[in-house]
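Treat the numbers as computed from the prediction; the structure is a model and nothing was measured. In the text below, chain A, chain B and the rest are named by the order of the sequence lines, each starting its count at 1.
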2 protein chains.
Amino acid sequence: MPKLGMEPIRKAALVKATISEIGRVGSLDVTVSQIAKRAGMSSALAHHYFGSKDEIFLAAMRHVLTLYGAEVRGALAVATGPEARLRAILAASFSAGNFRREVVGAWLNFYVLAQTVPEAKRLLAVYQRRLRSNLLVCLRPLAGARAHEVAEGLGALIDGLYLREVLKSGPPDAAAAVATALDYLDVQLKGRGA
Amino acid sequence: MPKLGMEPIRKAALVKATISEIGRVGSLDVTVSQIAKRAGMSSALAHHYFGSKDEIFLAAMRHVLTLYGAEVRGALAVATGPEARLRAILAASFSAGNFRREVVGAWLNFYVLAQTVPEAKRLLAVYQRRLRSNLLVCLRPLAGARAHEVAEGLGALIDGLYLREVLKSGPPDAAAAVATALDYLDVQLKGRGA
DNA sequence: GTTTTTGTTGATTGACGAGTCAATAGACTT
DNA sequence: AAGTCTATTGACTCGTCAATCAACAAAAAC
């Protein structure tokens, strides 16, 4: 049966399975066997392609970050003007694709991973820098000198809204999260700037 | 050597050691032996007093939550007027006792634990409810109908600021965190209410 | 002064999991 | 058609760790 060119397919399946399993179990205590089983292969094959469990986790992290980045970029592409672009970033952050229980659970556990695995820390730092930079570009024309503070606060607020989703039961309420973030924005911009 | 009345002393030592170890390692992957060793006893004794590893973790969580609660209550006791009380809550949240690397690391991992252990989830929910309630009492006279939204946002912001501390290197910057939270508050209150 | 209760540990058990390896099999190369 | 490469797995190794237990020691109770 061995077809050729399986590597990318298997890797993608493993990455997807990893996110699912982390979300399901709610921690990084998922075995390579569990992941491999869900991805429809033996654990030996998972090791064959990734080498180690940490590499599997990192690949899953890169995938989540890539998806998020792509979503933001896509949303920014069709938004004109600073306010619209800010709204686009928020919408992407809490979009149906990213703001799912399993993905949120994965994010939380990536923060844990970042405490141990330097590469994980680096990846999260890249995410935070990019978010801040995106926010700053939009905020400078709107908030002027205060752009920096507002970006800092908004970034933390987004992370906090994610974190709080972890404790909720039932489906994630993206609308409420966006509303809270937009409210923060409104009040920051109307209070001073324009 | 067996002196009597060891139980509370041993338990307290284990709880303290648990927080330290979780903070040091950066995850819940700490062995009972590690904890017991740091607390100066054998792992068997840890099991003797707590029964299971989960119970040790929960006791550590209750301790962190209790400390936080006590700090907030103490700060509120000497604050008069809604604004001062809000500031007191924020100061307590980012006080030197709570906003330490190891404690922040412990908080993060308690969120992870909450995904698996129902009692952990309950404890965190209690914390969130109490925080919201405290904030609401102060905010109602200041923000009126908007008190609810502001409390929601401020709660998430605090959690987010904690979360972001995880990635930073170097000693925690409590002053910056308080400043961001106060800024949010300022702008929410000046923007509308008074 | 014997029995019971509390404190304490080293050794052991039993389970589980990451990573390795030998072996099998189809596909592509020459 | 022989050799090489990719795909794949079951079985195995080796380590780790939570939890238990038997045993010992000292204080309290009777």
Side-chain angles (χ1 to χ4, degrees), chain A residues 1-22 24-61 109-110 112-113 115-120, chain B residues 1-22 24-61 109-110 112-113 115-120:
Chain A
M1 298 187 183
K3 300 153 193 167
L4 289 217
M6 283 282 96
E7 178 156 353
I9 298 167
R10 293 301 202 186
K11 279 192 166 180
L14 283 168
V15 160
K16 222 180 130 193
T18 302
I19 296 166
S20 297
E21 283 297 293
I22 290 178
R24 189 180 64 79
V25 176
S27 84
L28 296 175
D29 278 337
V30 289
T31 70
V32 174
S33 298
Q34 277 168 19
I35 295 171
K37 189 171 186 180
R38 179 177 278 233
M41 72 196 80
S42 73
S43 73
L45 197 53
H47 277 104
H48 173 63
Y49 281 126
F50 278 106
S52 77
K53 195 179 173 178
D54 270 0
E55 285 301 323
I56 300 179
F57 282 161
L58 288 175
M61 234 180 119
N109 282 286
F110 291 158
V112 172
L113 196 65
Q115 307 235 293
T116 327
V117 182
E119 175 68 5
Chain B
M1 299 187 183
K3 298 151 193 170
L4 288 216
M6 283 282 97
E7 178 155 354
I9 297 168
R10 293 301 201 187
K11 280 192 166 181
L14 283 168
V15 160
K16 221 179 132 193
T18 302
I19 296 166
S20 296
E21 282 297 295
I22 291 178
R24 188 180 65 80
V25 176
S27 83
L28 296 175
D29 278 337
V30 288
T31 71
V32 174
S33 298
Q34 278 168 17
I35 295 171
K37 188 171 188 181
R38 179 177 280 233
M41 72 196 80
S42 73
S43 74
L45 196 54
H47 276 105
H48 173 65
Y49 281 126
F50 278 105
S52 77
K53 194 179 173 178
D54 269 0
E55 285 301 322
I56 300 179
F57 282 161
L58 288 174
M61 234 179 118
N109 282 287
F110 291 159
V112 172
L113 196 65
Q115 306 235 293
T116 327
V117 182
E119 175 69 5

Is there any protein nitrogen or oxygen under 3.5 Å from a nitrogen or oxygen in nucleotides 16-23 of chain C, and what are the pairs?
unit_1 : atom_1 : unit_2  : atom_2 : d
C/dA18 : OP1    : A/Lys53 : NZ     : 2.8
C/dA18 : OP2    : A/Val32 : N      : 3.1
C/dG19 : OP2    : A/His47 : NE2    : 3.2
C/dG19 : OP2    : A/Lys53 : N      : 2.9

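Rounded to whole angstrom, the span from the CG atom of B/Leu4 across to the C1' atom of D/dA27 amounts to 5 Å. A straight line from CE of A/Met6 to C1' of D/dT8 spans 12 Å, rounded to a whole angstrom. In this entry the distance linking CE of A/Met41 with P of D/dT9 reads 8 Å, nearest Å. Here D/dG10 presents its C1' atom at 15 Å from NZ of A/Lys37, a figure rounded to the nearest Å. Going from atom CG of A/Leu14 over to atom P of D/dT9 covers 11 Å, rounded to whole Å. For the pair B/Phe50 CZ and D/dT20 P, the interatomic distance rounds to 16 Å; values are reported in whole Å. Rounded to whole Å, atom C1' of D/dC17 lies 15 Å from atom CD of B/Glu21. What separates CG of B/Leu45 from C1' of C/dT6 is a distance of 11 Å, to the nearest Å.
Side-chain contact between B/Gln34 and B/Val25 is present, with heavy atoms from C-beta onward closer than 4.5 Å. Counting heavy atoms from C-beta on, the side chains of B/Thr18 and B/Val30 never come closer than 4.5 Å. Between B/Ile22 and B/Phe57 the shortest side-chain heavy-atom distance falls below 4.5 Å.
Heavy atoms of B/Tyr49 sit under 4.0 angstrom from primed sugar atoms or phosphate atoms, though from no base atom.
Taking only side-chain nitrogens and oxygens, B/Arg10 comes nearer than 4.0 Å to OP1 or OP2 of C/dT8.
The two atoms that bring B/Ser43 and B/Ser33 nearest to each other are CB-OG, 3.7 Å, heavy atoms only. Annotation for B/Ala120 and B/Leu58: closest pair N-CD2, 3.7 Å, computed over non-hydrogen atoms.
Surrounding NZ of A/Lys16 are at most 12 heavy atoms belonging to other residues, nucleotides or ligands under 6.0 Å away.
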